[in-house]
S.K.: 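Sharing a structure with you now.
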Amino acid sequence: MRAIRDAGGWTKERHTLPVKAVDLVHAVHRWLGCRCGRLERMSRECFGLIGGLGVGAAVHYYERLAKAHSAAGVPLDLAMVHADMPRMVRWAESGDARAMAQYTAGLIERLKAAGATFAALPAVTPHLCIGDLFGLGEENIERIKRQNRRKISVIIGNPPYNANQANENDNNKNREYPDIDARIKDTYIKASTAQKTKLYDMYARFFRWASDRIAENGVVAFVSNSSFIDARTFDGFRACLAKEFNEVWVVNLKGNARTSGERRRQEAGNIFDDQIRVGIAVWFCVKKQGPHGFRIFYDEVRDYAKSDEKRHFLTSKPLRERRMTQIRPDAKHNWLNLTDNDFDTLIPVASKAAKLAKKPAQEKAIFKLFSLGVVTARDEWVYGESAADVTEKVNALIDGYNADRKRLAGTATDEIALRLDYSIKWTRAVKRDLSKGVPYAYDDKLLIDSLYRPYVKKALYFSQQLNEMQYLQREVFGIGLDNTAIVVSGAPAAKPFQTLATNILPCYDELEKSQTLPLYRYAKNGERIDNITDWALKQFRERYKISVTPAKAGVHLDLASTTKVKMDSGFRRNDDQKQRGGKAKARAGDARAGDVRNIGKEDIFHYVYAVLHDPVYREKYAQNLKREFPRIPFYADFWQWADWGRELMQLHIGYESIEPWPLARVDVPDEKARKNGAAPKALLRANKDAGSIALDSETTLNGIPREAWDYKLGNRSALEWILDQYKEKTPKDPTIRAKFNTYRFADYKDKVIDLLARVTRVSVATQAIVSAMRAAAR
């Protein structure tokens, strides 16, 4: 074992696992600063420094470091683990030596399993020495008291760039701050109108503390992600900012890599050389004693700017010389992308108030109940191409859970997370069940179909134990419940508004932040209840005079041929439609002139679905739809739109049974693959200009109409969603990757060809209806 270099020279003492607690933090930082700037400059006496991590993440990064060093020919001798400091400090301050011992023992055990031969655990923090390990010294306490007595006029911060641990298996939760979190709840969250508010990250905590701590005259300056500027999640934050400060100066450097399409290109490079994926903004919040009012001054880097240009933009001139734009926010505390339209006068599709209302008269929205799609937090374990695939994975997960439940029975709650078998996927709820000793058992009744992505169904194990958040889906698409729902993209949204009907349970990511608006909801006793409110029915009947004679107008589709039907109300197909159209057919059973149709709740359901597809509506209210639930206008001809909505719903839900579009299949043998006894190489690549899809190295589908690519959900066409989901991908979960990575496109090739042909038909038919909508009177 090589010696360890510290600030004073060579240490003679050599440690082997288990680890001793040694105060080496300052020495290591100095040593790294002069010796380890680049991997190729590291000496043969090398080690890795792992900082601020939980057990799972520490081991994960140790393995990555060891692999990288080995590849460079530099062995990794020592892991300096500066692990989970908030938790260690908490135990140190309370004098809980047993908890600290259990934690370090778990870390050591897992590092040994990862191949470490030596590890050193530094002192709890750089400023807390071993002598103070089990209690704060008097000098430290007095320093804190002095600091709290002082007035602070300037606070500058660069809070950590993480809201939560990415994976529960990492055991790397942020430290809890109950007092600050209570203030956040009473201010930012209370003032927010967002459906799902997530404001307990370190950014919000820093700013809440700084806002409360700054003196009557002072400045809070900080660097943050740019979502504070325009995300609906932070509307309450912006509202409080207006009450607590007099001026805010914001420089928006953009760079949000979590956007897509043209917006992603506009956001361009991140000022930190793309080392992080969030956009960046620099803030100066000014508080003045005496003056009233609130002003916002805003500047932003140009669209499409690269990282080096953004750094020059930031440093080229001081704040006082910048030509800042003064922003006047709207009543909903939006600062950017302000709208000037009648959106707020339209009828709301859904709202928190209607959802929580106790009396029917208070349910002032079209839908009473709405729910996010299911969040499993372990998709690779509980979703699969087949029921058999899911059954195998779920049984392995349950077996691993039950084994740990028995092995760790009687273990203290704080210690359980350190000793779990992390070959399976843990989440907060599953850890909580284990600590309570709750047994798990497989139940094949919980296997259902789920709409995982647009036009892609998967088998799902719909278990309350193994799905982290089911929201209200058991009242919508519970086991064996018959229902139909309109799914819309949630807010705030980075992609264009999208909607898709379904008769099976949707995943949260089916669309972006999927929100479900069902036709019915179900009580616990199984009773089916109308989900469209009586209030909405009254609004529509009053608007349209209770009953209406339907117009003859409309484009109706024969689902077997998608030939268009021209009725006699003045609608005329354009030349392009005439070229693609066929002979007219009227759908049997439709009410025609002279028949009186009373507006019912299902008619309203179809009307809403049609309006949400209206291209004129989407263009006019594009910004509103990215920030909040849709609202619906009353169009002149209710029945025309209701009929269109019904036809769209039949297309989008019945896509698997519609007649396939006659795509031309071309097969050219891949002789190399055949000679090696291998399947053709999977490609699933679209060529929109050529109207073709290369499925693999042997098969191409030709004859895809141009308009089929125009039917989009978000930034992808329906066809592209299918191609994306059936590609061969390496699973992220290491256990799934090692034991259950059995998917091969060749096994599903014929199914995908059939699906693409049917969805091509759906896409062309949808675009025909949307084209007719654009020409309709409103």
Side-chain angles (χ1 to χ4, degrees), residues 159 161 163 184 187-189 191-199 201 203-204 207 222-245 247-271 276-285 294-305 310 313-314 324-341 343-344 489-498 512-513 618 620-630 714-715:
Y161 283 73
I184 289 174
T187 54
Y188 304 154
I189 291 177
S192 177
T193 60
Q195 301 297 329
K196 187 179 181 183
T197 308
K198 186 177 182 180
L199 280 173
D201 59 28
Y203 281 123
F207 197 80
F222 70 116
V223 180
S224 79
N225 68 62
S226 55
S227 60
F228 280 71
I229 301 172
D230 60 355
R232 190 183 176 197
T233 304
F234 297 103
D235 62 347
F237 168 83
R238 294 189 293 271
C240 292
L241 208 62
K243 295 177 181 178
E244 298 172 8
F245 290 87
E247 293 178 1
V248 171
W249 299 66
V250 183
V251 180
N252 185 4
L253 300 170
K254 304 179 183 176
N256 184 1
R258 294 193 174 103
T259 51
S260 57
E262 184 61 23
R263 170 72 187 279
R264 175 67 191 96
R265 289 185 282 276
Q266 291 172 337
E267 291 284 323
N270 189 280
I271 195 170
I276 59 175
R277 292 179 57 78
V278 299
I280 299 299
V282 181
W283 298 66
F284 301 89
C285 305
F294 176 66
R295 296 188 299 170
I296 305 165
F297 299 96
Y298 177 80
D299 194 12
E300 65 178 19
V301 70
R302 74 171 185 90
D303 288 342
Y304 310 106
K310 291 182 178 183
F313 169 81
L314 190 63
M324 308 289 284
T325 300
Q326 186 170 349
I327 292 175
R328 290 175 174 80
D330 64 18
K332 295 181 179 178
H333 309 288
N334 295 309
W335 291 3
L336 304 183
N337 302 314
L338 302 181
T339 58
D340 183 16
N341 56 41
F343 189 76
D344 288 341
S489 48
K495 301 173 185 176
F497 177 79
Q498 46 192 312
E512 184 181 7
K513 304 183 182 76
R618 289 192 181 188
K620 182 177 181 179
Y621 302 115
Q623 290 300 331
N624 304 89
L625 293 171
K626 284 188 175 185
R627 287 198 288 246
E628 53 191 302
F629 265 126
N715 293 315

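Residue indices begin at 1 and follow the sequence shown. Hydrogens, waters and symmetry mates play no part in the numbers below; they use all other heavy atoms, side chains included.
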S.K.: Calculate, to the nearest 0.5 Å, the distance between atoms SG and CD1 belonging to Cys240 and Ile184 respectively.
M.R.: 10.5 Å

S.K.: Sequence neighbours excluded, which residues qualify as salt bridge (Lys or Arg N to Asp or Glu O under 4.0 Å) partners of Glu247?
M.R.: Lys288, Arg295

S.K.: Tell me, with the steps shown, if Ser224 and Phe207 meet side chain to side chain contact (heavy atoms under 4.5 Å, CB included).
M.R.: CA-CA 10 Å; Ser224 79; Phe207 197 80; over 6 Å; no

S.K.: Can you name the residues that form a side chain to side chain donor-acceptor pair (under 3.5 Å) with Glu244, not counting sequence neighbours?
M.R.: Arg208

S.K.: Using modelled atom types and a 3.5 Å cut-off, is there a donor and acceptor pairing between side-chain atoms of Lys254 and backbone atoms of Glu300?
M.R.: no

S.K.: Using the rule given for side chain to side chain contact (heavy atoms under 4.5 Å, CB included), can you reason through Val278 versus Ser227, listing the C-alpha separation, both sets of side-chain angles and the distance that settles it, and then say yes or no?
M.R.: CA-CA 8 Å; Val278 299; Ser227 60; over 6 Å; no

S.K.: Salt bridge or not for Arg627 and Asp235, using N-O below 4.0 Å?
M.R.: no

S.K.: Checking the side chain of Asn715 only, and the main-chain atoms of Pro496 only, is there a donor and an acceptor separated by less than 3.5 Å?
M.R.: no

S.K.: Taking all atoms of both residues into account, what is the closest heavy-atom pair of Val248 and Trp283, and its distance?
M.R.: CG1-CE3, 3.8 Å

S.K.: Side chains of Tyr298 and Asn252: do they bring a donor and an acceptor to under 3.5 Å?
M.R.: yes

S.K.: Between CD1 of Ile276 and CZ of Arg258, what distance do you get to the nearest 0.5 Å?
M.R.: 9.0 Å

S.K.: If the threshold is 4.0 Å, N to carboxylate O, is there a salt bridge linking Arg265 and Glu262?
M.R.: yes

S.K.: Look up atom CG in Asp344 and atom CD in Glu628, then write down how far apart they are to the nearest 0.5 Å.
M.R.: 6.5 Å

S.K.: Kindly determine whether Leu336 and Ile327 satisfy side chain to side chain contact (heavy atoms under 4.5 Å, CB included), including the steps that lead there.
M.R.: CA-CA 8 Å; Leu336 304 183; Ile327 292 175; 3.9 Å; yes

S.K.: Rounded at 0.5 Å granularity, tell me how far CG in Leu625 sits from CD in Gln498.
M.R.: 11.5 Å

S.K.: Once rounded to the nearest 0.5 Å, what's the spacing between atom CG of Asn624 and atom CZ of Phe343?
M.R.: 5.0 Å

S.K.: Report the residues that fulfil side chain to side chain donor-acceptor pair (under 3.5 Å) with Glu512, sequence neighbours left out, ordered by chain and then residue number.
M.R.: none

S.K.: Between Gln623 and Thr339, what is the shortest heavy-atom contact and its length?
M.R.: CB-CG2, 3.5 Å

S.K.: Do the side chain of Arg618 and the main chain of Ala622 share a donor and acceptor less than 3.5 angstrom apart?
M.R.: no

S.K.: What verdict does the side chain to side chain contact (heavy atoms under 4.5 Å, CB included) test give for Val251 and Trp249, after you've listed the backbone C-alpha separation in whole Å, the side-chain angles of each residue and the deciding distance to 0.1 Å?
M.R.: CA-CA 7 Å; Val251 180; Trp249 299 66; over 6 Å; no

S.K.: To the nearest 0.5 Å, what is the distance between NZ (Lys495) and NZ (Lys626)?
M.R.: 11.5 Å

S.K.: Applying ring-ring contact (aromatic ring centres under 6.0 Å, His included) between Tyr188 and each of Phe228, Phe234, Phe237, report the one that passes.
M.R.: Phe237

S.K.: Is the backbone N or O of Ala231 less than 3.5 Å from a side-chain atom of Arg238, with the two atoms forming a donor-acceptor pair by type?
M.R.: yes

S.K.: How far apart are the closest heavy atoms of Ile229 and Trp335, and which atoms are they?
M.R.: O-CB, 3.9 Å

S.K.: Is there a donor-acceptor pair closer than 3.5 Å between any side-chain N or O of Asn334 and the backbone N or O of Leu338?
M.R.: no

S.K.: Checking the side chain of Lys310 only, and the main-chain atoms of Leu253 only, is there a donor and an acceptor separated by less than 3.5 Å?
M.R.: yes

